[in-house]
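Read the structure below first, then the notes.
Basis for what follows: all heavy atoms, side chains included, without hydrogens, waters or symmetry-related copies. Just follow the structure's listing: the first ligand is 1, and inside any ligand the first atom is 1.
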Amino acid sequence: MDYQSLAELLFPNVNKTPADLEAEFPPRALAEGAKVTRFAPSPTGFVHFGGLFPTTVAERLAHQSGGVLYLRIEDTDARREVAGAAEGLIKTLSRYGINFDEGAVLDADGKVSDKGIYGPYKQSLRGPIYHVYAKQLVKEGKAYPCFTAQDELEEILSVNKKEELKHTDWQAEAESRRREMLKAREITLDEVKANLEAGNPFVLRILADGEPDRKVKFTDLVKGNMEIPENDEDFVLLKSDGIPTYHFAHAVDDHLMGTTHVIRGEEWLPSLAKHLQLFRYLGFKTPKYLHIAQIMRLDENGNKKKLSKRDMGANMDDYTRMGYCPEAVCEYVMTLLNSNYEEWRMQNPDKSYLEFPFNIKKMSVSGCLFDFDKLNDVSKNVISRMDAQTVTSAVTEWALEFDRPFGELLRDNKDMATAIFAIGRGGKKPRKDLATWCDAKPYMGFFFDEYFAVECPYPDKFPKEDILNVFDGFLSTYDERDDMNVWFEKIKAVAEVNGYTPDMKAYKANPEAFKGNVADVSMFLRLAVTGKMNSPDMYSVMQILGKEKVAERINKMRSKL
Ligand code: GLU
């Protein structure tokens with residue numbers, strides 16, 4: 001076969017050569033060790049938690065090494081594209097600290113545009129670039145047109161379909177396709193001409209040189225050393241509309257854009273032999289690969305399941321609605337990504353997660369388990385380290401969007417809200433009441449009459465009379481100017497007079513000797529003032545509410561008893 005003529009027949013309008021493109025997109029001038037990574041999503045909808053995962057790795061590796069993180073939009077499958085998805089994902093990722101240095105970015109009007117010299121960064125705009133390399137492969141006898149095979153056959157063999165089809169069906173399909181391909185390999189120049197003249201569409205296939213019983217050695221930076229069977233499948237490089245498949249676009253784009261580390265889901269591992277073959281055919285240096293295991297969750301029966309699109313916690317936009325702060329989600333992702341992260345955090349409670357020395361070697365080879373309880377734990381810690389102003393503005397901003405009346409109340413009482421969130425903050429053992437901004441209202445709504453409600457009655461064992469006596473005793477001596485010690489001494493005195501001992505030790509030794517203890521007396525006051533059995537520090541609560549409100553609530557409770 002005269003490959004040169006075949007290439008001209010198939011790509012008559014392609015005039016550039018790979019050398020032209022290499023000159024147009026020269027290798028990046030990078031400092032030693034600087035990594036170039038990318039996020040390459042198909043704009044098919046929302047950002048999945050499972051997408052934030054590899055992207056955080058990509059971000060950390062690039063920015064920790066003084067390298068480049070870029071965004072490439074893989075929109076070659078127009079059927080799956082969702083309008084506005086790219087804009088949405090750029091915004092969502094930026095909430096989670098993923099900011100791209102290059103690639104598809106949002107311009108001033110909020111539209112996606114290119115930044116950087118290695119573009120276009122949208123695959124649908126890179127057609128001419130792919131065709132240059134496709135022509136080259138044909139010229140070298142490494143790719144050939146296939147007029148008979150249809151794109152649907154590709155789909156049949158796609159990973160999902162393979163699972164759906166019974167094994168035997170799949171083998172029969174594979175065999176029939178193999179026969180098609182072998183036939184197509186034999187095509188003559190005249191047959192190509194005739195087909196083109198008749199306007200028949202063709203796909204461009206690689207001419208695979210692999211033998212499945214031979215193995216390629218390969219090192220994945222997460223999974224370690226592996227041996228994979230060589231690729232013997234003449235897979236499609238260009239579909240009949242001239243648009244490249246993922247495989248071909250991956251090789252061309254990651255080469256020309258200078259990616260040093262490809263970080264992607266492990267669902268791509270079965271295609272790796274194809275990619276290695278393609279890089280070799282194209283004469284490109286193979287990038288380093290990190291294949292990241294899928295995120296798992298436990299189902300109702302305690303079995304591990306893939307975190308699927310529809311699962312709670314999959315859609316990153318859900319986190320905003322649920323009131324998770326991005327810092328907490330990022331922190332949680334870090335705990336899942338590096339096994340020594342939590343230890344580092346304990347030693348460095350005040351540092352940003354960005355200061356953590358992220359290490360590929362500490363990544364889990366098998367799937368990480370997604371778990372809301374753990375996320376909430378991490379989140380409580382993160383929020384407990386924030387200052388009161390930060391918490392106040394975050395809760396207010398969140399509530400203005402998702403719980404308007406509460407948001408307006410906080411906005412109109414900003415100083416009071418800040419004082420409330422300051423209770424128990426700072427110091428070695430800060431309070432950990434909030435895992436999400438949603439938790440704020442149940443925690444501190446009682447400060448506002450709009451949300452004040454007595455949650456439960458007094459336990460029956462306490463005589464009404466005692467409670468009323470405590471109210472009287474407390475109100476007759478309460479002075480807002482008292483410091484916390486004086487305030488508490490007064491409560492102790494009220495307790496004692498009423499037969500409730502202030503001496504907890506004595507109470508524990510002989511509970512029968514007393515009606516109760518000072519904690520019970522505090523509870524009488526707490527339930528009246530906050531409506532709850534548990535509340536932040538009562539002294540601070542009363543200081544913020546002010547004497548009048550404290551007395552009003554106690555009196556209201558008195559009239560209800
Ligand atoms: N577009 C591919 C995907 O969304 C990208 C995989 C990769 O990172 O190379 O799965």
Q. Quick one: nearest non-hydrogen protein atom to atom 9 (O) of ligand 1, plus distance?
A. Y246 OH, 2.4 Å
Q: Decide whether D318 and Y324 meet the rule of one side-chain donor and one side-chain acceptor closer than 3.5 Å.
A: no
Q) Does P41, backbone or side chain, put an N or O under 3.5 Å from an N or O of ligand 1? A) no
**Q.** cation_pi(R28, Y118) dist<6.0 Å, angle<=45
**A.** yes
Q. Under 6.0 Å between ring centres, would you say that holds for F372 and F370?
A. yes
Q: If you have a sec, work out which protein heavy atom is nearest atom 3 (C) of ligand 1 and how many Å separate them, to one decimal?
A: A40 O, 4.0 Å
(Q) Just to be sure I read this right, does ligand 1 sit under 4.0 Å from the backbone of F39, its side chain, both, or neither, counting only heavy atoms? (A) neither
**Q.** E102/R38 salt bridge by N-O under 4.0 Å criterion
**A.** no
Q: Using the salt bridge (charged side-chain N to carboxylate O under 4.0 Å, His left out) rule, collect all pairs that involve residues 213-227, keeping only residues at least two apart or in two chains.
A: R214-E230, K217-E227, K223-E266
Q) Does E401 come within less than 4.0 Å of R321, counting only side-chain N to carboxylate O? A) no
**Q.** R38 heavy atom under 4.0 Å from ligand 1
**A.** yes
Q) To which protein heavy atom is atom 1 (N) of ligand 1 closest, and what is the distance rounded to 0.1 Å? A) E74 OE1, 2.7 Å
(Q) Would H250 count as a polar contact of ligand 1, with the cut-off being nitrogen or oxygen pairs under 3.5 Å? (A) no
Q) Nearest protein heavy-atom contact for atom 10 (O) of ligand 1: which residue, which atom, what distance? A) W268 NE1, 3.2 Å
